[in-house]
Amino acid sequence: MSGRNTALTPPDDASAPVRHPEAPAPGELLGAHYGHCFGCGEGQPHGLHLEARAGEGVRVSAEFTVKPAHQGAPGLAHGGVLATALDETLGSLNWLLRVIAVTGRLETDFVRPVPVGTVLYLEAEVTAVAGRKIYSTAVGRIGGPQGPVAVRADALFIEVKVDHFIDNGRPEEIRAAMSDPDQVRRTRAFEVNP
């Protein structure tokens with residue numbers, strides 16, 4: 001995208017992304033990585049409840065319905081909620097790479113208003129990898145994959161170790177997540193986070 005920040009432009013020596021052989025299969029619902037995540041968690045009554053699916057290559061698609069609790073102006077989605085939906089979708093890409101990564105930078109363009117009641121369809125893909133840096137892009141369309149573009153974003157994610165969460169998260173939530181007897185849920189809680 002022209003006019004974008006150079007921090008979001010992969011360096012010349014960046015490599016093409018490679019889908020991990022154990023990544024979820026194309027079409028597979030990714031599910032919530034953490035029950036209390038505002039973007040995808042089922043434990044958030046006013047959250048986005050965003051549902052992402054693995055796509056081909058290093059791509060995902062996702063949907064969420066704009067609810068009255070997501071308003072900014074009367075009857076319209078709050079821009080921060082739309083940015084959150086983009087960030088959540090972009091973060092889901094890391095499951096396909098099988099890395100733990102956090103958002104380093106997110107640049108969002110708001111193209112048109114998104115009314116309450118709208119289903120926002122999002123598509124995201126990793127465009128390049130350079131060391132710990134993961135470059136990606138996303139677009140959100142109103143009503144479906146062929147609908148008008150409402151929002152788009154470019155992002156830079158940084159690969160981290162689980163210590164990032166242990167050292168910086170609130171201790172009671174970290175302990176609860178790490179003591180979950182379900183090994184898959186315990187691991188996924190730290191896969192996609194800000």
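- Checked against Leu82 for a side chain to side chain contact (heavy atoms under 4.5 Å, CB included), the options Thr108, Val151, Leu122 give a single hit: Val151.
- The distance from atom NE2 of His20 to atom CG of Asn94, rounded to the nearest 0.5 Å, is 13.0 Å.
- Between Pro145 and Glu123, the shortest heavy-atom distance links the atoms CB-OE2, 4.3 Å.
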Problem set entry | Chi angles and distances behind the side-chain contact (heavy atoms from CB on, under 4.5 Å) call for Glu51, Leu29 | CA-CA 7 Å; Glu51 293 187 348; Leu29 186 64; 4.0 Å; yes

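- Of all heavy-atom pairs between Ala138 and Ala124, the closest is CB-CB, 3.8 Å.
- One hydrophobic cluster, built from ILVMFWY side chains closer than 4.5 Å, holds both Trp95 and Val129.
- In this structure, the side chain of Thr127 engages the main chain of Tyr135 through a donor-acceptor pair within 3.5 Å.
- Considering every non-hydrogen atom in both Gly104 and Ile158, the closest pair reads CA-CG1, 4.3 Å.
- A single hydrophobic cluster is not seen to contain both Leu50 and Tyr121; linkage of ILVMFWY side chains at heavy-atom distances under 4.5 Å, directly or through other members, places them apart.
- Across all non-hydrogen atoms, the minimal contact from Pro17 to Val58 is CB-CG2, 3.9 Å.
- For the atom pair CZ (Phe157) and CG (Leu106), the distance works out to 7.0 Å, reported to the nearest 0.5 Å.
- In this structure, Glu63 has no side chain to side chain donor-acceptor pair (under 3.5 Å) partners at least two apart in sequence or on a different chain.
- The residues Glu159 and Arg132 are annotated as not salt-bridged, no charged nitrogen and carboxylate oxygen being separated by less than 4.0 angstrom.
- The shortest distance between side-chain heavy atoms of Pro24 and Leu96 falls below 4.5 Å.
- Residue Thr118 holds its OG1 atom at 5.5 Å from CD1 of Ile142, rounded to the nearest 0.5 Å.
- Using a cut-off of 4.0 Å between Lys/Arg side-chain N and Asp/Glu carboxylate O, Arg98 and Glu22 are scored as salt-bridged.
- In this structure, the separation between CG on Leu156 and CD on Glu107 is 11.5 Å, given to the nearest 0.5 Å.
- Minimum interatomic distance between Ala14 and Ala130 (heavy atoms only, all atoms of both residues): CB-CB, 4.0 Å.
- Under the 4.5 Å side-chain heavy-atom criterion for ILVMFWY residues, no single connected hydrophobic cluster contains both Val139 and Phe110.
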Problem set entry | Chi angles and distances behind the side-chain contact (heavy atoms from CB on, under 4.5 Å) call for Val81, Phe64 | CA-CA 11 Å; Val81 168; Phe64 95 97; 4.1 Å; yes

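- Counting heavy atoms from C-beta outward, Val60 and Arg53 have side chains that stay 4.5 Å or more apart.
- Smallest separation of non-hydrogen atoms from Gly147 and Arg141: O-NH1, 2.9 Å.
- A distance of 7.5 Å separates OG1 of Thr137 from CG of Leu90, quoted to the nearest 0.5 Å.
- Arg112 places a side-chain N or O within 3.5 Å of a backbone atom of Val149 that can act as its donor or acceptor partner.
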Side-chain donor-acceptor pairs of residues 70-77 under 3.5 Å, sequence neighbours excluded:
from, atom 1, to, atom 2, distance (Å)
His70, ND1, Lys67, N, 2.9
His70, NE2, His46, O, 3.1
His70, NE2, Gly47, O, 3.2
Gln71, OE1, Gly75, N, 2.6
Gln71, NE2, Pro68, O, 3.0

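- Taking the side chain as every heavy atom from C-beta outward, Ser136 and Glu125 never approach each other to under 4.5 Å.
- Taking CD1 of Ile134 as the start and CG of Leu97 as the end, the distance is 5.5 Å to the nearest 0.5 Å.
- Looking at Arg19, its side chain does come within 3.5 Å of a backbone N or O of Gly57 through a donor-acceptor pair.
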